[in-house]
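Chain A is the first sequence line, chain B the second, and so forth, proteins listed ahead of strands; every chain is numbered from 1.
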Protein chains: 2
Amino acid sequence: MTEATPEDRSEGELTRYCPLTGVAGTLSGKYAMQLVCVVGALEPVRFGAIEERLAAASTSTLSARLDELVAERLLTRTQYDEIPPRVEYELTEDGRELCERLEPVLAWAEEREAGSGRT
Amino acid sequence: MTEATPEDRSEGELTRYCPLTGVAGTLSGKYAMQLVCVVGALEPVRFGAIEERLAAASTSTLSARLDELVAERLLTRTQYDEIPPRVEYELTEDGRELCERLEPVLAWAEEREAGSGRT
DNA sequence: TAATCATACTGTGGAGTCTGAAACACCGAA
DNA sequence: TTCGGTGTTTCAGACTCCACAGTATGATTA
C-alpha cells in the first residue's frame, strides 16, 4: 500500500495503460496499423488492392486482420453479390479518427527506416 | 504488368507499407506502444515502476520488449552498479518523437474503451 | 460442350514467435 | 543464517503467421 509515490509528474494524465483491451490489442496484430492506413488512403478498397499494397502479408493474415478490424467497428465490409464477387472495405468514423492519429506514427517510422544512416 | 491503375487518389503519398521492418515491427509487440508512452511519461524510470503501470504484462515480456526498444534505439538503458541493482530507462530523441505521435493514438483508444456505449 | 478465368476468401500443417510463472543472482542488513 | 529488494533468464506451453491448395459462381473462350 505504498501509495506514497504518485509522481506528480505534472504530465497529469498517465492513465492506466494496463489491460490492453480492444483497439490497443487489435493494433498489435501484424500489419494492423498499416491496414488501417491503407484502407484510409484508398477507400473504398477491394481485397485485391489491399493485397497489392501489403504484399508481404499472406491472404489469410490479411483476412483475419480485416475481420478483427471490422469486429472492432473500425471499418466496414460491403459485399456485392456479383460475379465475380466484389467486396469493399471502408473506414468507419472511428476508423478514420484512428487513421488520422496513426498516420503520423507510420509516416515517421517509414521516414526513419529510409534515413537510417547506419553509422 | 497492368500498371494502369495508379489510382491517382490525390492523397499523393501512399508509400509502400510493405515489409514491416524496424519500428513498425517492434511496435506490434504486445505492450510496445504503451511501454514507449509509459517511459515517456515517467522517465527516467526504473523497471519496477514500469511494472506497476503495466501490471498486466509479465516481467519477462517487459524485459524482452524493453530490450527490443533499446535495440531500436528508441530508449536507453542505464545500469548503475549498485546493490541492489538499479536500472533506468529513458527515451532517446527518436523515442520521444515516437512517443509524441503515439500518445494521441493511445489516448483515443482508451477513451474509446471507456465510452463504449454498447448500443 | 468443356475448360479457363476472375474474385475473395477459407482450411491445413508446420514453423516460428511470444507469453507468464517461477527460479536465479547479487550482497548488505538483521 | 535468513531475509529483502532488483532486474534478468529459463522453460514449456500457447498463440500467430505463412505458403499453398481448395471453394464457389458464372462469364468468357476454344
**Student:** Taking side chain to side chain donor-acceptor pair (under 3.5 Å) as the definition, give me every residue that meets it alongside A/Glu97, ordered by chain and number, with sequence neighbours left out.
**Tutor:**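 Residues passing side chain to side chain donor-acceptor pair (under 3.5 Å) with A/Glu97: B/Trp108.
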
**Student:** Verify whether one side chain among B/Ser63 and B/Ser60 offers a donor that lies under 3.5 Å from an acceptor in the other.
**Tutor:**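 Result is no, nothing qualifies.
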
**Student:** Tell me the interatomic distance from B/Leu27, atom CG, to C/dC18, atom P, rounded to whole angstroms.
**Tutor:**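 Rounded to whole Å, this separation is 14 Å.
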
**Student:** Tabulate atom names and distances for all N/O pairs under 3.5 angstrom spanning the protein and nucleotides 17-21 of chain D.
**Tutor:**
unit_1 : atom_1 : unit_2  : atom_2 : d
D/dC17 : OP1    : A/Lys30 : N      : 3.2
D/dC17 : OP1    : A/Arg65 : NH2    : 2.8
D/dC17 : OP2    : A/Arg65 : NH2    : 2.5
D/dC18 : OP1    : A/Tyr31 : OH     : 3.3
D/dC18 : OP2    : A/Ser58 : OG     : 3.3
D/dC18 : OP2    : A/Thr61 : OG1    : 2.1
D/dA19 : N6     : A/Ser60 : OG     : 3.4

**Student:** Distance check needed: C/dC18 C1' versus B/Leu66 CG, whole Å only.
**Tutor:**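 Going from CG in B/Leu66 over to C1' in C/dC18 covers 16 Å.
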
**Student:** Measure the distance from CD on A/Gln79 to C1' on D/dT25 and round it to the nearest whole Å.
**Tutor:**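 The distance from CD of A/Gln79 to C1' of D/dT25 comes to 12 Å, rounded to the nearest Å.
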
**Student:** Measuring from atom OH of A/Tyr89 to atom CG of A/Leu74, what distance do you get when rounded to the nearest 0.5 angstrom?
**Tutor:**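 Answer for the OH-CG pair, A/Tyr89 versus A/Leu74, is 14.0 Å.
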
**Student:** Polar pairs (N or O, both sides) under 3.5 Å between protein and nucleotides 3-7 of chain C?
**Tutor:**
unit_1 : atom_1 : unit_2  : atom_2 : d
C/dT7  : O3'    : A/Arg46 : NH2    : 2.9
C/dT7  : O3'    : A/Pro85 : O      : 3.1

**Student:** Taking OH from B/Tyr89 and C1' from D/dG7, how many angstroms apart are they, rounded to a whole number?
**Tutor:**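 Rounded to the whole Å, the gap is 8 Å.
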
**Student:** Say whether, by atom type as modelled, one donor and one acceptor occur between the side chain of A/Glu88 and the main chain of A/Pro44 under 3.5 angstrom.
**Tutor:**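 Here the side-chain-to-backbone pair does not exist.
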
**Student:** Taking the cut-offs as 6.0 angstrom to the six-membered ring centre and 45 degrees off its axis, would you call A/Arg65 and A/Tyr31 a cation-pi pair?
**Tutor:**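 Verdict for A/Tyr31: no cation-pi partner in A/Arg65.
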
**Student:** By the 4.0 Å heavy-atom rule, please label A/Tyr80 as base, sugar-phosphate, or nothing.
**Tutor:**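 No contact.
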
**Student:** Just so I know, are the side chains of A/Val87 and A/Phe47 near enough to count as touching, which here means a heavy-atom distance under 4.5 Å?
**Tutor:**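 A side-chain contact under 4.5 Å is absent here.
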
**Student:** Below 4.5 Å, heavy atoms only, C-beta onward: do A/Val105 and B/Leu27 meet side chain to side chain?
**Tutor:**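 Contact flag for A/Val105/B/Leu27 side chains = yes.
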
**Student:** Is the shortest heavy-atom distance from the side chain of B/Arg112 to the side chain of A/Glu72 under 4.5 Å?
**Tutor:**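 Yes, close enough: below the 4.5 Å cut-off.
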
**Student:** Rounded off to whole Å, could you give me the CD-to-C1' distance for the B/Glu82 and D/dT6 pair?
**Tutor:**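 It works out to 11 Å between those atoms.
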
**Student:** From CG of A/Asp67 over to C1' of D/dT16, roughly how many Å is that when rounded to an integer?
**Tutor:**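 Checked: the CG to C1' distance equals 15 Å.
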
